[in-house]
> 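Here it is: the structure, laid out below.
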Amino acid sequence: MALSAPKVREYLVDFPTVDQRLPVKAAAVIYAGAYLEWTSGAIDPVSGAGTFAGVALETVTGGAVDGDVTCLVRVKGAMRVNLAGGDSVALSDIGVAATVPEATDDDTIRKETGSAITGTGIGKFSRAAEPAIANGKVDISFTAAHIAA
C-alpha cells in the first residue's frame, strides 16, 4: 500500500552506503522511506515497473517543473523490511538470480520469481531474517540503476 506519511526504514550498518541529492519530478509527493523510480530524468515514488532510483531519506514535494526541488536519497545500501502479499523467502532463495525483491509501490516489497510480479527490481535478497514466514522480514541490498556496481 502506498505511503501517506513518512516511514522509518531499518537500514543495515554492515553494508556500504551512498546518499545523493536527486532531482524530483514536478509536483511529485515523496515521503521519507519511499521507494523511488526514475521518470524522464527525475525521481518519483515507485508505481509499478520502473527503474529503481533509491530510497528517500526526507519528505519533499516537487516544484513546478522537473528538478526544481531535490531529495536526499540512499542510492546504495541495505535494509531490513517485511515482505507483502503473503510472500516468504527461504534460505535457499538467497543468491538465486531469478528470485529478487521488487517494489510494487513506494512501500510494498514482493518476491519476484521470474514472472509472478511485475514491479521495480530493487536489488538482491541478502538474508532471510525470518525464513519461510509469510510477510516475514528479509534483508535486501540495493544499488540504484544510475550507480556503478
Side-chain angles (χ1 to χ4, degrees), residues 1-90 93-94 99-113 116-147 149:
M1 187 167 181
L3 291 176
S4 59
K7 183 169 187 174
V8 175
R9 297 285 177 202
E10 183 181 351
Y11 294 102
L12 305 177
V13 297
D14 53 348
F15 285 80
T17 61
V18 176
D19 300 338
Q20 282 185 319
R21 284 213 157 273
L22 300 178
V24 175
K25 192 85 179 143
V29 177
I30 296 174
Y31 294 104
Y35 308 129
L36 304 170
E37 66 184 359
W38 285 104
T39 305
S40 302
I43 59 169
D44 61 355
V46 167
S47 61
T51 302
F52 183 62
V55 183
L57 295 174
E58 62 185 354
T59 298
V60 300
T61 299
V65 298
D66 293 355
D68 271 1
V69 173
T70 62
C71 181
L72 185 60
V73 178
R74 174 126 323 146
V75 296
K76 183 179 182 77
M79 62 188 161
R80 178 166 288 170
V81 299
N82 284 82
L83 291 177
D87 293 350
S88 65
V89 172
D93 290 331
I94 307 304
T99 305
V100 297
E102 283 192 340
T104 56
D105 63 34
D106 65 351
D107 188 37
T108 305
I109 301 290
R110 301 284 312 270
K111 178 176 120 176
E112 168 66 65
T113 57
I117 300 158
T118 51
T120 298
I122 69 160
K124 301 285 185 191
F125 291 116
S126 60
R127 181 172 177 250
E130 294 178 332
I133 304 278
N135 300 327
K137 291 184 184 300
V138 295
D139 292 353
I140 298 170
S141 61
F142 61 89
T143 302
H146 67 285
I147 301 296

> Answer whether the closest heavy-atom distance between the side chains of K111 and F125 falls below 4.5 Å.
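The answer is yes, as the side chains (C-beta and beyond) meet within the 4.5 Å cut-off.
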> Rounded at 0.5 Å granularity, tell me how far CZ in R127 sits from CG in D93.
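R127 atom CZ to D93 atom CG measures 14.5 Å (nearest 0.5 Å).
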> CG of D19 to CZ of R74: how many Å apart, nearest 0.5 Å?
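If I round to the nearest 0.5 Å, the distance is 4.0 Å.
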> Do T61 and V69 come within less than 4.5 Å of each other through their side chains, counting heavy atoms only?
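Of all side-chain heavy-atom pairs linking V69 with T61, none is under 4.5 Å.
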> Keeping the roles fixed (side chain from D105, backbone from V46), state whether a donor-acceptor pair exists under 3.5 Å.
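No, the answer is negative, given that no donor and acceptor are paired below the 3.5 Å cut-off.
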> As a quick check of understanding, evaluate side chain to side chain contact (heavy atoms under 4.5 Å, CB included) for F142 and V55, giving each step before the final call.
CA-CA 10 Å; F142 61 89; V55 183; 4.1 Å; yes
> For G41 and P23, work out which heavy atoms get closest and say how close.
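So the two residues come closest at O-CG, 3.5 Å.
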> Which pair of heavy atoms, one from S141 and one from F15, lies closest together, and at what distance?
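The pair with the smallest heavy-atom distance is CB-CE2, 3.8 Å.
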> Under a plain distance cut-off of 3.5 Å, with no hydrogens placed, do S126 and D139 share a side-chain donor-acceptor pair?
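Note: D139 and S126 side chains miss the donor-acceptor criterion.
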> Please determine whether side chain to side chain contact (heavy atoms under 4.5 Å, CB included) holds for the pair V81 and K137, giving the CA-CA distance in whole Å, both sets of side-chain angles, and the decisive distance to 0.1 Å.
CA-CA 5 Å; V81 299; K137 291 184 184 300; over 6 Å; no
> Look up atom CD in Q20 and atom CG in L57, then write down how far apart they are to the nearest 0.5 Å.
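Taking CD in Q20 and CG in L57, the distance rounds to 11.0 Å.
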> Between E10 (side chain) and M79 (backbone), is there a donor-acceptor pair under 3.5 Å?
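No.
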> Of all heavy-atom pairs between G86 and A134, which one has the smallest distance, and what is that distance?
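Closest approach of G86 to A134: O-CB, 3.6 Å.
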> Passes salt bridge (Lys or Arg N to Asp or Glu O under 4.0 Å), D107 versus R9? Steps please.
CA-CA 10 Å; D107 188 37; R9 297 285 177 202; 2.7 Å; yes
> Got a donor-acceptor contact below 3.5 angstrom from the T59 side chain to the A32 backbone?
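Yes, because the side chain of T59 sits within donor-acceptor range (under 3.5 Å) of the backbone of A32.
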> Does any N or O in the side chain of R110 come within less than 3.5 Å of the main-chain N or O of E102, such that one atom is a donor and the other an acceptor?
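No: the side chain of R110 does not pair with the backbone of E102.
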> As an exercise, state the distance from OG1 of T113 to CG of D87, rounded to the nearest 0.5 Å.
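Interatomic distance, T113 OG1 to D87 CG, rounded to 0.5 Å: 8.5 Å.
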> Please name the residue in the list D66, T39, D68, D44 that meets the side chain to side chain donor-acceptor pair (under 3.5 Å) test with K25.
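With K25 as partner, side chain to side chain donor-acceptor pair (under 3.5 Å) holds for just one option, D66.
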> So which atom in I30 and which in P45 form the shortest heavy-atom distance, rounded to 0.1 Å?
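Taking every non-hydrogen atom into account, CG1-CD, 4.0 Å.
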> Hey, are the side chains of I140 and I109 touching, using non-hydrogen atoms and a 4.5 Å cut-off?
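Answer yes - side chains close enough.
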> Quick one: does L36's side chain get under 4.5 Å of D106's, heavy atoms only?
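Counting from C-beta outward, L36 and D106 never come under 4.5 Å.
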> Side chains of C71 and V24, heavy atoms from C-beta outward: is any pair under 4.5 Å?
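Counting from C-beta outward, C71 and V24 do come under 4.5 Å.
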> So how far is it from T51 OG1 to I122 CD1, rounded to the nearest 0.5 Å?
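With rounding to 0.5 Å, OG1 (T51) is 13.5 Å from CD1 (I122).
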> What I'd like to find out is whether the side chain of S47 reaches to under 4.5 Å of the side chain of E37, using heavy atoms alone.
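Yes, at least one pair of side-chain atoms sits under 4.5 Å.
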> Salt bridge or not for E130 and R80, using N-O below 4.0 Å?
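R80 and E130: not salt-bridged.
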> Start with the C-alpha distance between L22 and V75, add both sets of side-chain angles, then the distance that settles side chain to side chain contact (heavy atoms under 4.5 Å, CB included), and finish with yes or no.
CA-CA 10 Å; L22 300 178; V75 296; 4.0 Å; yes
> Can you check whether R21's main-chain N or O pairs, donor with acceptor, with T70's side chain at less than 3.5 Å?
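A pair under 3.5 Å: no.
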> Test side chain to side chain contact (heavy atoms under 4.5 Å, CB included) on W38 and H146; report intermediate values, then the result.
CA-CA 9 Å; W38 285 104; H146 67 285; 3.2 Å; yes
